[in-house]
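Here is the structure we will look at, set down as structure tokens.
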Amino acid sequence: MDTTTSRVQSAVEKSAIKKVAVRLVPFVALMFFINYLDRTAIGFAAPNGMNEDLALSAAQFGFASGVFFIGYILLEVPSNLALHRFGARKWLARIMVSWGIVALLFTWVQNFEQLVALRFILGVAEAGFFPGAILFLSLWVPAEHRSKILALFYLAQPLTTVIGAPFAGWLIQQHGLFFGLEGWRFMFLGVAIPAIIVGIIAWFYLKDKPSDAKWLTTEEQEWLTGALAAERATTEAANNSHRIRDAFKSGRVWVLAGIYFGFIYGLYALGFFLPTIIGGFQEQFGTEFDVFQKGLITAIPYVPAAIALYFWSRDASRRGLKTWHIVIPALAGAVSIPLALFAGSPAATIAVIAVTAMAIFSALPNFWTLPTKFLTGAAAAAGIALINTIGNLAGFSAPYITGLVADATAVDGEPSYVAPMFIVGGFMLLSAVLMIGLASRTKTTTPAVAETVAAE
């Protein structure tokens with residue numbers, strides 16, 4: 001009887017997880033795809049007419065890119081708590097429509113001051129989306145399946161560049177097509193409209209919890225609800241971390257925020273300046289690329305990054321998450337990104353940058369399984385938002401510092417990216433050191449819950 005019950009339960013479990021993976025993850029990943037494309041579209045516009053038309057220096061472009069995260073950070077935690085209170089369906093849809101409307105206004109930006117103001121407001125509009133999406137998926141999937149589900153969700157980020165960079169390049173080439181708009185302005189228009197449309201669809205498509213999903217059978221609803229409730233009770237009993245203040249008092253949350261800071265510093269230094277660096281190939285190596293070709297070249301590192309993300313996360317799911325699943329990518333990124341500066345050809349440069357992209361994206365979905373292993377309820381909402389908030393300080397500092405240092409170390413009047421890329425490598429090295437230290441401290445002080453920080 002027990003064996004039969006176990007087989008039935010296993011079949012129900014497998015079916016429930018598969019349905020969540022098919023029905024929810026692709027849609028939330030599409031939202032993330034549009035989110036990342038809209039926030040990084042400025043990186044495609046910069047070398048393709050925007051910087052020239054608005055008379056921006058590298059430092060001004062870096063500041064405008066990064067000021068997005070100031071607005072984002074200010075409302076990050078309140079937004080995620082609102083999502084926890086009002087439900088993901090309404091809140092994620094509201095966020096998406098809001099940022100789509102703001103993103104549309106970039107089409108008509110006229111100067112540096114307007115650009116900075118719109119980037120700040122865009123950050124305010126987007127606040128809470130990413131941690132909200134992570135929390136939403138965590139509320140649907142038990143911990144043992146979470147790494148796989150988050151990996152499928154996170155695939156949207158590298159694929160944003162794989163698909164989005166050529167798409168942005170194609171839009172930029174449509175110069176004068178729409179009421180005489182410059183190509184980079186038409187690109188902003190083209191990437192903003194999908195956010196509004198998908199946000200409206202999300203209001204009707206998403207469900208807040210398994211018991212609301214008519215596409216699940218009664219048995220599947222009961223299994224998911226029961227498994228998540230049991231996991232929540234176990235976590236609360238072991239850690240007593242379910243109140244908002246528990247997240248802010250947790251040393252593990254703050255260390256995880258520091259680890260995330262290093263990865264995000266590398267991610268956005270690449271995201272905002274890679275198109276500009278590729279544009280410099282023409283002078284550095286005597287090559288010529290049109291806008292669409294530059295988009296394709298920008299996309300190249302993110303193809304192996306997507307593949308590495310999937311298989312690295314699959315290994316973490318199979319073995320159980322280990323410290324080295326995060327430390328090895330951090331070290332690989334720390335070493336590879338400065339090496340890209342000394343490659344002797346465009347192909348070699350892109351190959352080394354691909355290693356960096358693989359490192360960053362391999363670590364991130366595994367990283368995000370950690371907070372919900374020791375936080376639940378409002379504490380999980382606050383903790384995830386807090387980690388994302390601190391990490392996204394790097395979203396402001398990375399492009400600004402990169403542009404500032406590039407201008408300060410200019411060679412023959414041209415910005416130099418040698419020193420900025422060494423700074424990126426240093427922050428990723430810091431992530432590796434913090435992860436090792438956190439795992440070691442947890443093993444020593446609380447062996448029973450060492451798994452919560454991926455200790456071996």
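Everything quoted here is computed from the prediction, not taken from an experiment.
- Taking the six-membered ring where the residue is Trp, the centroids of Y260 and W368 are separated by under 6.0 Å.
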Derivation of the side chain to side chain donor-acceptor pair (under 3.5 Å) call for S211 and T225: CA-CA 7 Å; S211 58; T225 301; 5.3 Å; no

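- For the pair R89 (side chain) and W203 (backbone), a donor-acceptor distance under 3.5 Å is present.
- L54 has its side chain out of reach of F61: every pair of non-hydrogen atoms, C-beta onward, lies at least 4.5 Å apart.
- The environment of K19 atom NZ is dense: over 12 non-hydrogen atoms of other residues, nucleotides or ligands sit within 6.0 angstrom.
- Not one N or O on the side chain of Q114 forms a donor-acceptor pair closer than 3.5 Å with the backbone of F112.
- Under a 3.5 Å cut-off, the side chain of D407 and the backbone N or O of A59 do form a donor-acceptor pair.
- In this pair, F167 and W170 present their aromatic rings parallel. The plane angle is below 30°, not in the 30 to 60° band.
- In this structure, the ring of F261 has its center less than 6.0 angstrom from the ring center of F427.
- Looking only at distances, no side-chain donor or acceptor of T40 sits under 3.5 Å from a matching main-chain atom of G43.
- The backbone N or O of P210 sits nowhere less than 3.5 Å from a side-chain atom of W140 that would complete a donor-acceptor pair.
- With hydrogens and angles disregarded, no donor-acceptor distance shorter than 3.5 Å links the side chain of Q174 to the backbone of F186.
- Rounding to the nearest 0.5 Å places CD1 of I300 at 6.0 Å from CD1 of I350.
- Inter-residue side-chain proximity for D38 and V102 is flagged as unmet; no heavy-atom pair is nearer than 4.5 Å.
- In this structure, T389 and F69 have side chains that are not in contact, with every pair of non-hydrogen atoms separated by 4.5 Å or more.
- How far CG of L364 is from CD1 of I326: 9.0 Å, rounded to the nearest 0.5 Å.
- Remark: I201 CD1 to M31 CE distance equals 10.5 Å, nearest 0.5 Å.
- Judged by distance alone, with hydrogens and angles left aside, the side-chain atoms of D208 form a donor-acceptor pair with the main-chain N or O of A88 at under 3.5 Å.
- Under a 3.5 Å cut-off, the side chain of T107 and the backbone N or O of L104 do form a donor-acceptor pair.
- At least one donor-acceptor pair closer than 3.5 Å links the side chain of R119 to the backbone N or O of R39.
- A salt bridge is defined here as a Lys NZ or Arg NE, NH1 or NH2 lying under 4.0 Å from an Asp or Glu carboxylate O, and K18 with E220 fails to meet this definition.
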Kindly indicate, with the supporting measurements, whether the criterion ring-ring contact (aromatic ring centres under 6.0 Å, His included) is fulfilled by Y154 and F32. CA-CA 8 Å; Y154 236 108; F32 186 30; 5.7 Å; yes

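- In this structure, F130 has its ring center at least 6.0 angstrom away from the ring center of Y36.
- Side-chain contact between M435 and S431: absent, with no pair of heavy atoms (C-beta onward) separated by less than 4.5 Å.
- Within a 6.0 Å radius of CZ in F311, no more than 12 heavy atoms belonging to other residues, nucleotides or ligands are found.
- Contact annotation: the side chain of W254 approaches that of L386 to within less than 4.5 Å [non-hydrogen atoms, C-beta and beyond].
- Listed for the H145 side chain is no donor-acceptor partner under 3.5 Å among the backbone atoms of P142.
- In this structure, CZ in F129 is found 8.5 Å from CD1 in I34, a value given to the nearest 0.5 Å.
- E113 CD: more than 12 foreign heavy atoms inside a 6.0 Å radius.
- We find the CG-CD1 distance between L370 and I259 to be 8.0 Å, quoted to the nearest 0.5 Å.
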